[in-house]
Protein chains: 2
Amino acid sequence: MPMQDMHIVHHECGDCPIRHRAVCARCDSDELTRLEQIKYYRSYQAGQTVIWSGDRMDFVASVVTGIATLTQTMEDGRRQMVGLLLPSDFVGRPGRATAAYDVTATTDLVMCCFRKKPFEDLMQTTPHVGQRLLEMTLDELDAAREWMLLLGRKTAREKIASLLGIIARRDATLKLKAPKGALSFDLPLTREEMADYLGLTLETVSRQISALKRDGVIALEGKRHVTIPDFDRLMEEAADDSDGGFLD
Amino acid sequence: MPMQDMHIVHHECGDCPIRHRAVCARCDSDELTRLEQIKYYRSYQAGQTVIWSGDRMDFVASVVTGIATLTQTMEDGRRQMVGLLLPSDFVGRPGRATAAYDVTATTDLVMCCFRKKPFEDLMQTTPHVGQRLLEMTLDELDAAREWMLLLGRKTAREKIASLLGIIARRDATLKLKAPKGALSFDLPLTREEMADYLGLTLETVSRQISALKRDGVIALEGKRHVTIPDFDRLMEEAADDSDGGFLD
DNA sequence: CGCGCTATTGATATTCATCAAACTGCGTGG
DNA sequence: CCACGCAGTTTGATGAATATCAATAGCGCG
């Protein structure tokens, strides 16, 4: 990798695109000032590893822009994604010294980092950060449990449809549109990353995407741009009990 | 079911077997007094449903004794367990009105319940409950992610070995013994519940247990009592990367 | 232009699910 | 007391879903 482009941007928290959703969402201006004093930004290129499982981790962070993944790897190389981190999501665990998972930037990524010790102190002395972090962690736990249902009980086709639904919904949220009728977006993951998310092989992912395309559930332009003519149809294919599916 | 034995025991918190591990673990005596005022006990018989997904849930609770499960069910009946609740584990989500999962007592169960509103108030005014709940939720999230690796990437045999390891470890913890060399315990789950935990069918669970027995990895007395002659051997079968595996 | 990466598609193998039958232990009622 | 029934479990035969191995195709980029 030739260039080591450590773009150190500096935002005012007031302008921050994730101000209202991240771990700082509930902070008053006083708390925000304290956070502002210990924060710094880091950028990563698509494909870069942020940290390896087991490595010392002296910071926690929020994803500002871009997408990162958490993955676990077994000794023989089998891999399972266990987290998909979108803007405003939190990385790292207060009170833990080493990373528990591999963290990888799948797109160009900017994170707002806090050195761990000052962040932990701040959590002790001000309630709002801890409260928000609890709320976010509970949301993640719900998402993890939905994901467990997918991994344990859904067919390959249902898994693909579910993942496309999750991405479509998130994308619609960013664009402030309800996920109804036709919508389209770019896949932020390769076939292999999708396979790691879904507990499948990349070949099976490819085949099922082709099948959904053949059946008119989705349309593709190039490999990455997906159009969904009928969102409800996709949801039927995903076999989600609660059509709502993901909270938020 | 003939008997509807709603044993309403009343413990002093000081004597409580889960005092040092549950959501109240960090409370000082003042906070404990406030908790004591809003707590009440509920008992359930093995097999009883505590609450159905979607039902109104006006309390949160700690498991005091016994085991409960969280499960999700799809419209066509496919089921996936998404939580296994042991003594000291927390049930319910502050700020949520309805249950997100089916909660079932798999053994006789006693829970220490708090009406939701007073509990939420208490979380606002005292920090220790929220802090402890955050810690517990982060632990659960880690466990869920370990579980996702199991569901997505492990073979049936590895799944069984992993589950036996988890149960054995927990049991050893209760007995204050390191899980080394030979140890034995009773399975708290039926074959079907194990299947729901592991994303398998009960037939596959049964076959793999038989296979592990044939291969001398485990020994059985009756259907439920398991002896593990060599814990390290079991861990090899489970293919866990970090032999430690579960925190705790 | 051709290399390397991602993706698709095909042929085959393997694992696990499904359908089916029978066994075990235990409580109940004849 | 024994027979019956039932829930939980085991085991067998078969089939379907997905993994594996392999070849090829698109596509951006040096």
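Chain naming here is simple, since letters A, B, ... match the order of the sequence lines and numbering starts at 1 in each.
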**Q** Once you round it to whole Å, what is the distance between C1' of C:dT6 and CG of A:Leu187?
**A**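 Distance, rounded to whole Å: 13 Å.
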**Q** For a quick check of understanding: with a heavy-atom distance under 4.0 Å over all strands, which category does A:Gly199 fall into, base, sugar-phosphate or nothing?
**A**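 It contacts sugar-phosphate atoms only.
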**Q** The test is side-chain contact (heavy atoms from CB on, under 4.5 Å); show your working for B:Ile167 and B:Val226 and say whether it passes.
**A** CA-CA 10 Å; B:Ile167 295 170; B:Val226 180; over 6 Å; no
**Q** If you compare all heavy atoms of B:Lys154 against all heavy atoms of B:Ser162, which two are closest, and at what distance to 0.1 Å?
**A**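 It is NZ-OG, 2.9 Å.
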**Q** What is the nucleic acid contact for B:Arg78, judged by heavy atoms within less than 4.0 Å: base, sugar-phosphate only, or nothing?
**A**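 No contact.
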**Q** Counting side-chain heavy atoms from C-beta on, which of C:dA7, C:dC16, D:dT18 comes nearest to A:Thr190?
**A**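 Among C:dA7, C:dC16, D:dT18, the one nearest the side chain of A:Thr190 is C:dA7.
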**Q** Would you mind reading off the distance between A:Arg191 atom CZ and D:dT18 atom P, rounded to a whole angstrom?
**A**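 Whole-Å distance recorded here is 18 Å.
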**Q** Rounded to whole angstrom units, what separation is found between the CD atom of B:Gln80 and the P atom of C:dA17?
**A**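 Distance check: B:Gln80 CD to C:dA17 P gives 11 Å.
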**Q** Checking side-chain contact (heavy atoms from CB on, under 4.5 Å) for the pair B:Val50/B:Met111: CA distance, chi angles, key distance, verdict?
**A** CA-CA 10 Å; B:Val50 175; B:Met111 299 205 307; 3.8 Å; yes
**Q** With side-chain contact (heavy atoms from CB on, under 4.5 Å) as the test, would you mind laying out the steps for A:Thr98 and A:Met57 before giving the verdict?
**A** CA-CA 5 Å; A:Thr98 60; A:Met57 186 166 178; 5.8 Å; no
**Q** Return the value, rounded to whole Å, for the distance between atom CG of B:Leu189 and atom P of D:dA7.
**A**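 After rounding, the reported distance stands at 19 Å.
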**Q** If you compare all heavy atoms of B:Leu84 against all heavy atoms of B:Met81, which two are closest, and at what distance to 0.1 Å?
**A**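 Looking at all heavy atoms of both residues, the shortest contact is CD1-SD, 4.3 Å.
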**Q** Whole angstroms only, please: what is the NZ-P distance between A:Lys159 and D:dA17?
**A**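 Rounding to the nearest Å, NZ of A:Lys159 and P of D:dA17 are 14 Å apart.
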**Q** Please determine if B:Arg224 forms a cation-pi arrangement with B:Phe185, meaning its NZ or CZ atom is less than 6.0 Å from the six-membered ring centre and no more than 45° off the ring axis.
**A**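 The answer is no, since B:Arg224 fails at least one limit relative to B:Phe185.
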**Q** Counting only non-hydrogen atoms, which of residues 201-214 of chain A are less than 4.0 Å from DNA chain C?
**A**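 Of all residues in residues 201-214 of chain A, the ones placing a heavy atom under 4.0 Å from DNA chain C are A:Leu202, A:Glu203, A:Ser206, A:Arg207, A:Ser210.
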**Q** Over all strands shown, is A:Arg157 touching base, sugar-phosphate only, or nothing at heavy-atom distances under 4.0 angstrom?
**A**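 No contact.
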**Q** Measure NZ/A:Lys223 against C1'/D:dG28 and give the value in whole Å, please.
**A**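 A:Lys223 atom NZ is separated from D:dG28 atom C1' by 13 Å.
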**Q** So does B:Ala46 get a backbone contact from the side chain of B:Asp108, meaning a donor-acceptor N/O pair under 3.5 Å?
**A**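 Yes, because the side chain of B:Asp108 sits within donor-acceptor range (under 3.5 Å) of the backbone of B:Ala46.
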**Q** For the pair made of CZ in A:Arg224 and P in D:dG26, what is the distance, rounded to whole Å?
**A**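 The distance from CZ of A:Arg224 to P of D:dG26 comes to 18 Å, rounded to the nearest Å.
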**Q** Between C1' on D:dG26 and CD on A:Glu221, what's the gap in Å once rounded to a whole number?
**A**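 For the pair A:Glu221 CD and D:dG26 C1', the rounded distance is 17 Å.
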